[in-house]
Structures are given as structure tokens and as C-alpha cells.
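In what follows, residues are counted from 1 in the order of the sequence shown. Just follow the structure's listing: the first ligand is 1, and inside any ligand the first atom is 1.
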Amino acid sequence: MTETSSPADADGPRDFIRDIIRDDLASGRARGVVTRFPPEPNGYLHIGHAKSICLNFGVANEFGGRCNLRFDDTNPAKEEQEFIDAIMADVRWLGFDWGGNLFHASDYFEQLYQWAEHLIENGLAYVDELTADEIREHRGTLTEPGKASPWRDRPSGESLDQFRRMRAGEFADGAKVLRAKIDMAHGNMNMRDPVLYRIVRKPHPRTGDAWCIYPTYDYAHGQSDALEHVTHSLCTLEFEDHRPLYDWLIEHLPVPSRPRQYEFARLNLGYTVLSKRRLTQLVAEGHVAGWDDPRMPTLTGLRRRGIPPETIRDFVARLGVTKQDSVVEFSLFEHCVREYLNKAAERRMAVLRPLKVVIENWPEGEVDELDAIDNPEFPESGSHKVPFSREIYIEQDDFMEDPPKKFFRLGPGREVRLRYAYFITCTEVVKDADGTVVELRATYDPATRGGDAPDGRKVKGTLHWVSAAHAVKAEVRLYDHLFREEAPGAGGRDYLEDLNPTSLEVIEDAWLEPSLAGWPAGRTLQFERLGYFCADRDGTADMPVFNRTMTLRDTWAKVQQSG
Ligand code: ATP
Ligand code: MG
């Protein structure tokens, strides 16, 4: 073997795409690796796109090549600047950099137009005047060949004139199209004279109203690849049937390079939808608060939910790249997030459903400052102070008046540990007129400061708590799956019927330990015993808002161990 080895040969990921690239480099078919990530700016990126981004940028990095970010902006009817900006921000957030290699299919409109004339002049394309419906009817079926349009054999000079007049804006939207002249009986429907250009009078975010004809995806994509000297054009399996057309166009045009297309299975994920059409509908109809609603599988939604980008990259890497379509369990994604956050997230205490406890033998007005470890996974990472005083809040769930045997938390006459603080014993239960428990009275043992009894006495429960006088009030938003079915819309149902009506629960009077005041957004932490949380941009100095990123329990890991 010659000098084609690269870091990618060592410990990097292996899959059929990387094997192809390795072979291409070894055989000399490719001298370097150029890939591209080609989003259409008609929506926000979702976690499925992350798979494509990690693959395209990943192989470029591993093989010392480059990856272009190219906007496939050929359909001005649906594309917007907002989406272009968001896509760039999301790719960067995910950890990838296209350097100076930012392109737009619209950069190539003039070249693409010239090549279309080249096809017409060579008898390989014609202007058709059938309506869209008629074109569909003429196309035939999988078992029947299509029928030729009456315009199919018009002289190329006539098509050329018509095409120039299309460009000049002489015809109404949809009145005519340019079609490749390939084979109306071809076994692959995409080869039955596919449409290359259509008339659309819509201002384009970049070219304004310079154009009223726009190339189709199939026509623009491969030629853009060729113009950028893309070597490996990686796309999802639904484009497999388009590959013959991709190759046909490359073969019949004087393009400067010969890219090849390879297809891999798209990411499908349980309990959510990964289709821009559906995600657009969820936003437009108000089923969610916007593209960045933390329940959305969009990258911007996941970021707002507190999901670190590292965990998305790790998740995608574990899935690998294959040609097998499948639905990935959502619990695998959660597992990746928990595994990362368990190591990375600092711990703090917060009480979501407060129950006041008055410690009767604690002197009024006195405050103790206790040391709490920032992250028990890395004790050397430091600690912070938590104030303790006469009145504290614990979680309502952590008390039962008549507890069953297995309940190790607080009950009348029982002793528990308050994390980092003292042992307390419940001495009295205070109720309101309805019999609801509204307050507990307790005593503490001064000898247990820090959480251990010098006489070796054990307690079974350790509770989180906050000092009532010092705690910061907050709103906490608890998120669950957006859909209650793993496969929304399966069996012909409207997928909207499967929306989970309890996917968001808002708690308005949660209490946080004071070190959480001003906690930066984007630094996900653990509320001890409750889950992972992050500060939301809706918060104010007076009323912070926290999103639950994820609960603590890991069903996926358990299934793997027992299964
Ligand atoms: P959708 O059809 O779901 O709306 P899309 O394919 O139209 O998505 P594009 O902006 O065209 O969205 O996608 C950009 C790139 O991301 C394409 O190469 C596409 O194949 C890839 N991609 C889109 N969805 C997924 C997915 N779920 N898994 C992997 N790659 C994907
Ligand atoms: Mg697409």
C-alpha cells in the first residue's frame, strides 16, 4: 500500500462508506476526500440531520479532506433567511466548521442554465407544455411504460427558443417545464423524462427576482457536487432510485469533476417525528411553542432542552452507518445523554414540590454554611456552600404520614439524613382544616453535621432540601415525550392524534439552592435525585426558569444488562 493511509485507518469508525473511501484512495479513483452537507433551508435541522452532518464532516476530518456546507436553495417558495441562519448556527453548535467552504446551489444558477441549454442543443432536453397533471398521467406506472408528450420531439431550436423565453418571464407559472429526454419506458420512473426546470415567480432569498425559472433538486444537486469537486456525495436511501439520473446528468454534461453518490439509512427515532413537513406543521399549528420548543427533535430544541452537543455526536457514532432502515429506541439516546451528564454535570439541590420543615431546636436566625461537592464523580472539581437554617423545604414525596415498610424517607418519629447537613427526626405533623399536611416539625442532631453520626448510627434515607429563607423561587418545566406512541401515526392514524397531552408540566413554585441564582443557560446540571436541568432563556432575574433535560432513571441500560 502506498501513502493513502490516514488517521482514519487507526481507531476511527468503520462502516461501508469509510471502506469505499479507503478503497477509492488506495486505487487512486479519488485523490482526496470532499464531501458536503446539503440542507434545504425550508426548516430547522433535526437530530436526523445530525447523522448526516457527523458523517459528512466526520469522514472529511478523518481523511484529511474538506466538507462544504451547501444550501440547496432551489425552491424559493419555501425557503427563508431565518432557516439559513439557524442551520449555520446549529451546525456550529454541533461542533463542525466548514471554514471558507460555504456554498449555495443558487451560486450556480447561471452555470446550470447554460448546461440546460447544452442538453437542449444536444437533443437531450425539451420544453414541455403539458400541465403538471398531464405529465403525471403520461408517466405510466411501475408495470406500464409512460407515454411520450406531444412536445417530446419538437426541434431543439424550438425548445431552445422556448426555454430562453421561459427565462425571460414570458410564460405563466407552471405553463411549461424543461424535461430531460431520456426514456419514457425506463424501469426507473425517475428516468422517464424528469423535469429539470419549472417556472416559479417568487423572490429568492439570495438572487432576488433575477430568476423566474428554477432548477429541480435532481438537476441542481449532482451538478453542484461536480462544480465543488465533491468526491463522495452521501445521501439517504430514498435517493437510491435517483442515482441513475444523477449519473446520467454527470455523464452528459461537460462538468469539471465526476462525483459519485452513495446512500445510507436515515435516522428514525422512537416517540418523535423527523420529517420537516411534520415539524413545520407542529410549529405552524401551535402544537409546540416554536422550532426551539424543548420537546422538538430539532437541534435548536435539543439545545434549549440542555442536551450537550457531545451527546448527539456520541449517539450518532454508536448507531454507525448502514443501509438498513430501522427505528432507533429513544432510550438509547437518553442513555448517551445520561452517561455524559453523569460525568459532566454539577450537582445542586432544588425542591420542586415544597413541604416546609421547621427544626425546633435550631436557634432562630442562625445560619450554618455547609460544604457541598460540585460533582461527586470528580470530588477534586470543587465544592460550594449551602446555607442551612431553621426552616427548610423538602419534597412532599419524601414524607409519608403512614409509611409502608419499604419507604425509607421521612415519617412521624423517623430519622433521615439531609444531604451534606444533619440528621433530623420528625416530631410533629401539622395539617390544615382539610387534613392536608402543610408543615412538619423536627429536631436535628448537632453531632451529625456533614452527614454522619459519630456513634455510628445509620439512617436509611438521604433527602435533598433547601433553606426556606435563602432559596430562590423558580419555574420548572418538566418535559415528556412529545408523542405517546413510539411510532406516531402508525397503522394509518393521523400522527397528530398521538401527541402526548401531558408532554409539558409547569411547576411555578419550585425552590432552588441560592447558588443557582444567575446560573448560565447552556450549562446543564443535576438537581440531586430529580434529574438533569438547564436554565431557560425565558427566565428573569426575579424568576429563573429551568427545563428538565432528562430524568435520572435509565431504562435502556437496565434492559441491556438483563437482556
Ligand atoms: P425531510 O425529508 O425529513 O424533510 P430532508 O431530506 O428534506 O428532510 P434536507 O435539508 O434536504 O432535508 O436534508 C439535508 C441532508 O440531510 C440530506 O442529505 C438528507 O439526506 C439528510 N437527512 C435528512 N433527514 C435525515 C435523517 N433522518 N437521517 C439522516 N440524514 C438525513
Ligand atoms: Mg431533502
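For a threshold of 3.5 Å applied to N or O pairs, the pair formed by Lys276 and ligand 1 contains at least one separation below that value. Considering backbone and side-chain N/O of His49, one or more are found under 3.5 Å from N/O of ligand 1.
The closest side-chain donor-acceptor pair between Asn547 and Tyr479 falls under 3.5 angstrom. Judged by distance alone, the side chains of Glu238 and Thr236 do bring a donor and an acceptor atom under 3.5 Å apart. Donor-acceptor pairing under 3.5 Å is recorded for the side chains of Thr141 and Thr143. A donor atom on one side chain and an acceptor atom on the other are found under 3.5 Å apart for Asp218 and His242.
Here is the list of ligand 1 atoms found below 4.0 Å of a heavy atom in Thr236: 19 (C), 20 (O), 29 (C), 30 (N), 31 (C). Each of the atoms 3 (O), 24 (N), 27 (N) of ligand 1 lies under 4.0 Å from some heavy atom of His46. Close approach of ligand 1 to Pro38 (heavy-atom distance below 4.0 Å) involves ligand atoms 14 (C), 18 (O). Per-residue contacts place Leu274 under 4.0 angstrom from the following atoms of ligand 1 (heavy atoms of the residue considered): 3 (O). Here is the list of ligand 1 atoms found below 4.0 Å of a heavy atom in Leu267: 26 (C), 27 (N), 28 (N), 29 (C).
Scanning Arg278, Arg277, Glu238, Arg266 for the heavy atom closest to atom 2 (O) of ligand 1 points to Arg266.
More than 12 heavy atoms of other residues, nucleotides or ligands sit less than 6.0 Å from atom CH2 of Trp93.
Side-chain atoms of Thr311 never come within 3.5 Å of backbone atoms of Val337 as a donor-acceptor pair (strictly under, hydrogens ignored).
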